[in-house]
Amino acid sequence: EILIRLEHVFGIDEDAVLSKSATVNVTALLNEIGFETQGATELTLTANQAKKSQHYLPWSTADQKELSKELNEKEAAKMLEDNEGVITLDPMEIRTALVKVARS
């Protein structure tokens with residue numbers, strides 16, 4: 001297993017081109033260096049639990065409920081294991097995954 005952490009180092013509007021979302025195909029990247037991916041689990045930033053099992057504390061403000069729902073839906077759509085090894089990073093975002101690999 002390999003622990004992978006990817007970071008988008010540019011901030012929003014820091015650069016006209018480099019501040020856009022970046023997409024990384026982790027499967028292709030690992031294939032290039034001689035590994036065949038056999039599955040992956042996206043983890044929290046600290047790598048101590050699966051991202052799918054992470055729960056946020058509920059806040060009781062009116063507009064925060066809608067915002068929390070939108071954020072959770074956006075995160076679910078970006079999960080590594082649901083996107084065949086492709087990760088999209090927004091500006092200043094860090095993503096962590098545990099990838100099962102075998103030598104190819």
Side-chain angles (χ1 to χ4, degrees):
E1 293 178 324
I2 298 175
L3 182 68
I4 293 180
R5 181 165 291 144
L6 300 172
E7 177 180 7
H8 192 311
V9 297
F10 284 87
I12 297 171
D13 297 328
E14 185 176 344
D15 185 88
V17 176
L18 300 175
S19 291
K20 294 180 180 178
S21 296
T23 301
V24 178
N25 186 329
V26 176
T27 302
L29 177 69
L30 291 173
N31 285 342
E32 285 290 319
I33 59 172
F35 291 102
E36 178 184 333
T37 58
Q38 298 178 333
T41 303
E42 187 159 359
L43 305 173
T44 59
L45 183 60
T46 56
N48 65 341
Q49 64 178 321
K51 185 85 171 168
K52 282 188 175 184
S53 66
Q54 180 181 19
H55 299 284
Y56 296 95
L57 294 174
W59 297 98
S60 59
T61 60
D63 40 326
Q64 189 66 28
K65 287 181 184 175
E66 262 321 293
L67 182 59
S68 291
K69 182 180 177 187
E70 289 174 24
L71 288 174
N72 287 337
E73 288 171 357
K74 181 181 176 188
E75 283 299 313
K78 289 174 40 176
M79 295 300 286
L80 172 67
E81 50 267 34
D82 297 337
N83 291 312
E84 299 179 7
V86 177
I87 292 180
T88 299
L89 296 158
D90 292 327
M92 299 302 295
E93 185 176 27
I94 303 171
R95 307 276 296 275
T96 305
L98 186 63
V99 183
K100 293 178 187 170
V101 296
R103 281 278 187 195
S104 55

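In this chain, numbering begins with 1 at the start of the sequence shown. Worth knowing before you read on, the calculation uses all heavy atoms, side chains too, and leaves out hydrogens, waters and symmetry mates.
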More than 12 heavy atoms of other groups within 6.0 Å of Q38 CD: yes
Heavy-atom closest pair (L18 atom, H8 atom, distance to 0.1 Å) is O-CE1, 3.1 Å
Can you name the nearest heavy-atom pair linking Q49 to S53, along with the distance? OE1-OG, 3.8 Å
Can any side-chain N or O of T88 pair as donor or acceptor with the backbone N or O of T23 at less than 3.5 Å? no
Please round to the nearest 0.5 Å and tell me the distance separating atom CG of L30 and atom CD of E36. 11.0 Å
Is there a side-chain contact between K100 and T41 (heavy atoms, below 4.5 Å)? no
Atom CG of residue position L3 - does it have more than 12 heavy atoms of other residues, nucleotides or ligands inside 6.0 Å? yes
Flag yes if I94 and I12 sit in one hydrophobic cluster, no otherwise; membership is Ile, Leu, Val, Met, Phe, Trp, Tyr, and two members link when side-chain heavy atoms are under 4.5 Å apart. no
Indicate yes or no: at least one non-hydrogen side-chain atom of F10 is less than 4.5 angstrom from one of M92. no
So, S104 side chain and G34 main chain: donor-acceptor pair closer than 3.5 Å or not? yes
Verify the cluster assignment for L29 and L43: are they in a single hydrophobic cluster under the rule of side-chain heavy atoms below 4.5 Å apart? no
Restricting to non-hydrogen atoms, name the atom on I33 and the atom on R103 that form the minimum distance, rounded to 0.1 Å. O-NH1, 4.0 Å
Return yes when atom CG of D13 has more than 12 non-hydrogen atoms of other residues, nucleotides or ligands closer than 6.0 Å, and no otherwise. no
Minimum heavy-atom separation for N31 and T37, please, with both atom names. OD1-N, 4.3 Å
Looking at L6 and I4, what are the two nearest heavy atoms and their distance? CG-CG2, 3.9 Å
Among V26, T96, N25, whose side-chain contact (heavy atoms from CB on, under 4.5 Å) with I87 holds? V26
Quick one: do V24 and I2 end up in the same hydrophobic cluster if we chain Ile, Leu, Val, Met, Phe, Trp and Tyr together by side-chain heavy atoms under 4.5 Å apart? yes
On a heavy-atom basis, which atom in G11 and which in S19 lie closest, and how many Å separate them? O-OG, 2.6 Å
